Amino acid sequence: MRPDKPREPVAGPDAGPEPPYPVRLSGPVIKGFGRGSKDLGIPTANIPADDLSEKHPELTTGVYYGIVALDPKTYQHETSEGSTSTAVVLPAVLSIGYNPFYKNTVRSVEIHIMPALTEPSPTAAGQEGQTKFNRLPDFYQTRLNLLILGYIRPEFDYVSLEALVEDIRVDCEVARESLLREAYKCYLVDSGKASGKVSEDREWLVSFD
Ligand SMILES: Cc1cc2nc3c(=O)[nH]c(=O)nc-3n(C[C@H](O)[C@H](O)[C@H](O)COP(=O)(O)O)c2cc1C
Ligand SMILES: Nc1ncnc2c1ncn2[C@@H]1O[C@H](COP(=O)(O)OP(=O)(O)O)[C@@H](O)[C@H]1O
Ligand SMILES: [Mg+2]
């Protein structure tokens, strides 16, 4: 069960991702159990987890933050210049594991894509009414690249659905605050000052051959 402790506002070192991060994952967006949007009001893009233990033994079950890119061949997005052929890059929070609240028997990778850091956060504390999580037009089967930049917490079971949703809301805020730090923001926003390694990771993120 989730321990009754206050949450830290950021996760991971301020100086930037430390090994094993950034970790690269990719895959087509597949169907999950259909609970994300329906039960929780939190859509999560699921990607296959079949070869995770073999390829990424370092990824323990838990909640992580990072950035995602969607293949522009099947996911078009509008910018101020109209629609574009470059991949959209957005912040994300994800869970890797068995969802103890639902007692799944297979591991899943579930990614909730958040609005750009320049947009107001829909999950900020103190908003009126029920939290409205970010929602994009559906993009099943689209290829997704993910750069995991840090670990937030283990997965827990919860006393109620509301308690699970509230913890995921806080995860979104922790991810956002963590990514707003300069040594992480450089992965999302090309300032022209990024180091060779950061540029290499960014290039990998947006390449879909
Ligand atoms: C950031 C984040 C954190 C999560 N943490 C937990 C958790 O601690 N325990 C849990 O049982 N499920 C957790 N989940 C998983 C949700 O229960 C899951 O997204 C939901 O079951 C939807 O599954 P579906 O994509 O198969 O429909 C988390 C999901 C996200 C996006
Ligand atoms: N912000 C978002 N983050 C992730 N997926 C989103 C988002 N907005 C819309 N989606 C869409 O919703 C789908 C996931 O919804 P969900 O209810 O979790 O269903 P499933 O159980 O099939 O994963 C994604 O595959 C994607 O097409
Ligand atoms: Mg899902």
Side-chain angles (χ1 to χ4, degrees), residues 1-5 7-8 10-12 25-50 59-78 87-117 119-123 131-146 148-179:
M1 215 48 81
R2 152 147 289 294
D4 192 16
K5 272 205 311 218
R7 303 272 314 257
E8 294 291 330
V10 292
L25 293 188
S26 21
V29 175
I30 55 172
K31 281 266 175 202
F33 292 99
R35 298 174 184 139
S37 313
K38 239 192 279 145
D39 282 13
L40 306 175
I42 310 170
T44 54
N46 298 32
I47 58 170
D50 318 331
L59 291 178
T60 53
T61 62
V63 178
Y64 298 84
Y65 62 92
I67 56 177
V68 301
L70 297 173
D71 188 346
K73 288 196 280 304
T74 48
Y75 186 85
Q76 265 94 39
H77 64 113
E78 296 289 320
V88 61
V89 176
L90 289 168
V93 66
L94 64 139
S95 112
I96 300 182
Y98 298 89
N99 300 355
F101 184 74
Y102 289 104
K103 304 186 174 45
N104 291 353
T105 53
V106 287
R107 192 144 77 136
S108 59
V109 178
E110 310 188 351
I111 304 151
H112 174 65
I113 302 178
M114 305 190 298
L117 298 178
E119 306 269 324
S121 171
T123 49
T131 306
K132 275 231 164 18
F133 288 84
N134 192 36
R135 166 124 236 150
L136 305 163
D138 274 0
F139 50 90
Y140 284 109
Q141 285 166 25
T142 293
R143 283 199 299 161
L144 179 156
N145 288 342
L146 165 71
I148 302 182
L149 297 177
Y151 175 81
I152 301 181
R153 65 172 176 90
E155 282 199 307
F156 294 114
D157 193 0
Y158 291 85
V159 290
S160 65
L161 189 74
E162 290 70 30
L164 168 62
V165 171
E166 171 58 13
D167 230 19
I168 300 178
R169 183 194 71 73
V170 176
D171 291 329
C172 293
E173 289 304 295
V174 172
R176 185 179 159 92
E177 290 304 316
S178 299
L179 290 167

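Just so you know, ligand 1 is whichever comes first in the structure, and atom 1 is the first atom listed for that ligand. From a predicted model like this one, the values you see are computed outputs, not experimental measurements. Side-chain atoms are counted along with the backbone in the values below, which use heavy atoms only and exclude waters and symmetry mates.
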Check: Between Arg107 and Tyr98, what is the shortest heavy-atom contact and its length?
Finding: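 Taking every non-hydrogen atom into account, N-CE2, 3.6 Å.
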Checklist line | Student check: side-chain heavy atoms of Phe133 and Arg169 closer than 4.5 Å | finding: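 SC-SC contact between Phe133 and Arg169 confirmed.
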Check: Heavy-atom distance to atom 4 (C) of ligand 1: which of Pro100, Ser95, Gly62, Pro43 wins?
Finding: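 Residue with the shortest heavy-atom distance to the ligand atom: Ser95.
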Next item on the list: Determine, step by step, whether Asn99 and Glu155 satisfy the side-chain contact (heavy atoms from CB on, under 4.5 Å) criterion, reporting the C-alpha distance in whole Å, the side-chain angles of both residues, the deciding distance to 0.1 Å, and the verdict.
Entry: CA-CA 7 Å; Asn99 300 355; Glu155 282 199 307; 3.1 Å; yes
Check: Do any N/O atoms on Tyr140 end up under 3.5 angstrom from N/O atoms on ligand 2?
Finding: yes
Checklist line | Proximal atoms of ligand 2 relative to Phe33 (non-hydrogen, under 4.0 Å) | finding: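 Listed by number with element: 21 (O).
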Notebook entry, point to check: Taking heavy atoms and a distance under 4.0 Å, where does Phe133 meet ligand 2: side chain, backbone, both or neither?
Noted result: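 No part of Phe133 comes within reach of ligand 2.
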Notebook entry, point to check: Under a 4.5 Å cut-off applied to non-hydrogen side-chain atoms, are Val174 and Glu8 in contact?
Noted result: no
Next item on the list: Report, in ascending order of atom number, the atoms of ligand 1 lying under 4.0 Å from any heavy atom of Asp171.
Entry: 1 (C), 3 (C)
Margin query: On a heavy-atom basis, I'd like to know which of Ala92, Gly36, Gly34 is closest to atom 22 (C) of ligand 1.
Written below: Gly36
Check: Can you tell me the protein heavy atom closest to atom 11 (C) of ligand 2 and the distance?
Finding: Asp138 OD1, 3.3 Å
Next item on the list: Show which atoms of ligand 2 fall inside a sub-4.0 Å distance from at least one heavy-atom site of Gly34.
Entry: 20 (P), 21 (O)
Note to self: Give the atom numbers and elements of ligand 2 that come within less than 4.0 Å of a heavy atom of Ser37.
What the structure shows: 15 (O), 16 (P), 17 (O)
Next item on the list: For Lys31, take its heavy atoms, then give the atoms of ligand 2 lying under 4.0 Å from any of them.
Entry: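 Contacts of ligand 2 toward Lys31, numbered from 1: 22 (O).
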Check: If you count the atoms of ligand 1 from 1 in the order shown, which ones are under 4.0 Å from a heavy atom of Tyr102?
Finding: 17 (O), 21 (O)
Next item on the list: Measure the CE-CD distance between Met114 and Glu173 for me, rounded to the nearest 0.5 Å.
Entry: 8.0 Å
Next item on the list: Would you mind running through ligand 1 and noting each atom that sits below 4.0 Å from a heavy atom of Gly32?
Entry: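 What qualifies from ligand 1 is 26 (O).
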Check: For Arg153, is the nearest heavy atom under 4.0 Å from an atom of ligand 1?
Finding: yes
Note to self: Checking Asn134 against Glu119: is there a side-chain donor and acceptor pair closer than 3.5 Å?
What the structure shows: no
Check: Numbering the atoms of ligand 1 from 1, which are under 4.0 Å from a heavy atom of Thr44?
Finding: 19 (O), 25 (O), 31 (C)
Checklist line | Separation of Arg143 CZ from Leu70 CG (nearest 0.5 Å) | finding: 11.5 Å
Margin query: For ligand 2, which is the ligand I care about here, please tell me if Thr44 has any N or O atom under 3.5 Å from one of the ligand's N or O atoms.
Written below: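 N/O-N/O distance below 3.5 Å exists for this pair.
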Item checked: Shortest non-hydrogen contact between Ala175 and Ala92, atoms and distance ->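 Looking at all heavy atoms of both residues, the closest pair is CB-O, 4.3 Å.
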Margin query: With rounding to the nearest 0.5 angstrom, report the CG to CZ distance, Asp167 to Arg2.
Written below: 4.0 Å
Next item on the list: With heavy atoms under 4.0 Å as the rule, classify the contact between Leu164 and ligand 1 as side chain, backbone, both or neither.
Entry: side chain
Next item on the list: For Ile111, take its heavy atoms, then give the atoms of ligand 2 lying under 4.0 Å from any of them.
Entry: 3 (N), 4 (C)
Note to self: Under a 3.5 Å cutoff, is there a donor and acceptor pairing between the side chains of Thr142 and Thr74?
What the structure shows: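 Yes, a side-chain donor-acceptor pair sits under 3.5 Å.
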Notebook entry, point to check: Is there an N/O/S atom in Thr44 at a distance below 2.8 Å from the Mg ion (ligand 3)?
Noted result: yes
Check: Would Ile113 and Phe139 count as a side-chain contact (heavy atoms from CB on, under 4.5 Å) if you check the C-alpha gap in whole Å, the side-chain angles of each, and the deciding distance to 0.1 Å?
Finding: CA-CA 12 Å; Ile113 302 178; Phe139 50 90; 3.7 Å; yes
Next item on the list: Identify, for atom 11 (O) of ligand 1, the protein heavy atom at the shortest distance, and state residue, atom and that distance.
Entry: Phe101 N, 2.8 Å
Check: Nearest protein heavy-atom contact for atom 8 (N) of ligand 2: which residue, which atom, what distance?
Finding: Leu136 N, 2.8 Å
Notebook entry, point to check: Would you say the side-chain atoms of Asp138 pair up with the backbone N or O of Tyr140, donor to acceptor, closer than 3.5 Å?
Noted result: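 The answer is no, because no donor-acceptor pair under 3.5 Å joins these two groups.
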Check: If you round to the nearest 0.5 Å, how far is CG of Leu59 from CG of Leu25?
Finding: 6.0 Å
Item checked: Side-chain heavy atoms of Ile168 within contact of His112, under 4.5 Å -> no
Notebook entry, point to check: Do you know which two heavy atoms are closest between Ala49 and Val109, and how far apart they sit?
Noted result: CB-CG2, 3.9 Å
Notebook entry, point to check: Quick one: does Val93 get an N or O within less than 3.5 Å of an N or O on ligand 1?
Noted result: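 No, no N or O pair falls under 3.5 Å.
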Item checked: Candidate list Thr44, Val29, Val93, Val68, test side chain to side chain contact (heavy atoms under 4.5 Å, CB included), partner Ile111, passing option -> Val68
Margin query: Between ligand 2 and Ile42, is the shortest N or O to N or O distance under 3.5 Å?
Written below: no
Next item on the list: Looking only at protein heavy atoms, identify the closest one to atom 24 (C) of ligand 2 and say how far it is in Å.
Entry: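 Sorting protein heavy atoms by distance from atom 24 (C) of ligand 2 puts Ala45 CA, 3.9 Å first.
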Notebook entry, point to check: Out of curiosity, is Tyr98 lining ligand 1, as in a heavy atom under 4.0 Å away?
Noted result: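 False for this residue.
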Check: Taking the side chain as C-beta and beyond, is there a heavy-atom pair between Ser121 and Cys172 under 4.5 Å?
Finding: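 No, every pair of side-chain atoms sits at 4.5 Å or beyond.
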Next item on the list: Can you measure from CG (Leu149) to OG (Ser178) and round to the nearest 0.5 angstrom?
Entry: 10.0 Å
Notebook entry, point to check: Do any nitrogen or oxygen atoms of Phe156 lie less than 3.5 angstrom from nitrogen or oxygen atoms of ligand 1?
Noted result: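 Among all N and O atoms of Phe156, at least one is under 3.5 Å from an N or O of ligand 1.
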Check: Short N/O distance, under 3.5 Å, between Phe33 and ligand 1?
Finding: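 Yes, at least one N or O pair falls under 3.5 Å.
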Next item on the list: Using a cut-off of strictly less than 2.8 Å, determine whether Ser108 has an N/O/S atom near the Mg ion (ligand 3).
Entry: no
Next item on the list: Would you check if Tyr158 and Val165 make a side-chain contact, meaning some heavy-atom pair closer than 4.5 Å?
Entry: no
Note to self: For atom 18 (C) of ligand 1, what is the closest protein heavy atom, and at what distance to 0.1 Å?
What the structure shows: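 Going by distance alone, atom 18 (C) of ligand 1 is nearest to Glu110 OE1, 2.8 Å.
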Notebook entry, point to check: Does an N or O from Asn46, backbone or side chain, lie closer than 3.5 Å to an N or O of ligand 1?
Noted result: yes
Check: Mind checking whether Phe139 has an N or O less than 3.5 Å away from an N or O of ligand 2?
Finding: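 Yes, since at least one N or O of Phe139 sits under 3.5 Å from an N or O of ligand 2.
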Note to self: I need the nearest protein heavy-atom contact for atom 3 (N) of ligand 2: residue, atom name and distance, please.
What the structure shows: Ile113 N, 3.0 Å
Check: Between Arg35 and ligand 1, does any nitrogen or oxygen pair lie at a separation below 3.5 Å?
Finding: yes
Check: At under 4.0 Å between heavy atoms, which part of Ile168 makes contact with ligand 1: side chain, backbone, both or neither?
Finding: side chain
Checklist line | Contact atoms of ligand 2, heavy-atom distance to Asn46 under 4.0 Å | finding: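 By the 4.0 Å cutoff, the relevant atoms are 23 (O).
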Notebook entry, point to check: So, is Val29 polar-close to ligand 2, with some N/O to N/O distance under 3.5 Å?
Noted result: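 Looking only at distances, the answer is no, because the N/O contact criterion of under 3.5 Å is not met.
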Notebook entry, point to check: Which residue supplies the protein heavy atom nearest to atom 20 (P) of ligand 2, what is that atom called, and how far is it?
Noted result: Gly32 N, 3.3 Å
Notebook entry, point to check: Which part of Ile42 is near ligand 1, with near meaning a heavy atom under 4.0 Å away: side chain, backbone, both or neither?
Noted result: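 Contact part for Ile42 vs ligand 1: neither.
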Note to self: Could you tell me if the side chain of Arg176 sits less than 4.5 Å from the side chain of Pro91, heavy atoms only?
What the structure shows: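 No; the side chains remain at least 4.5 Å from each other.
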Checklist line | Interatomic spacing from CG in Asp171 to OH in Tyr65 - rounded to 0.5 Å | finding: 12.0 Å
Item checked: Enumerated ligand 2 atoms positioned under 4.0 Å from heavy atoms of Gly36 ->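 Checking each atom against Gly36, I get 17 (O), 18 (O).
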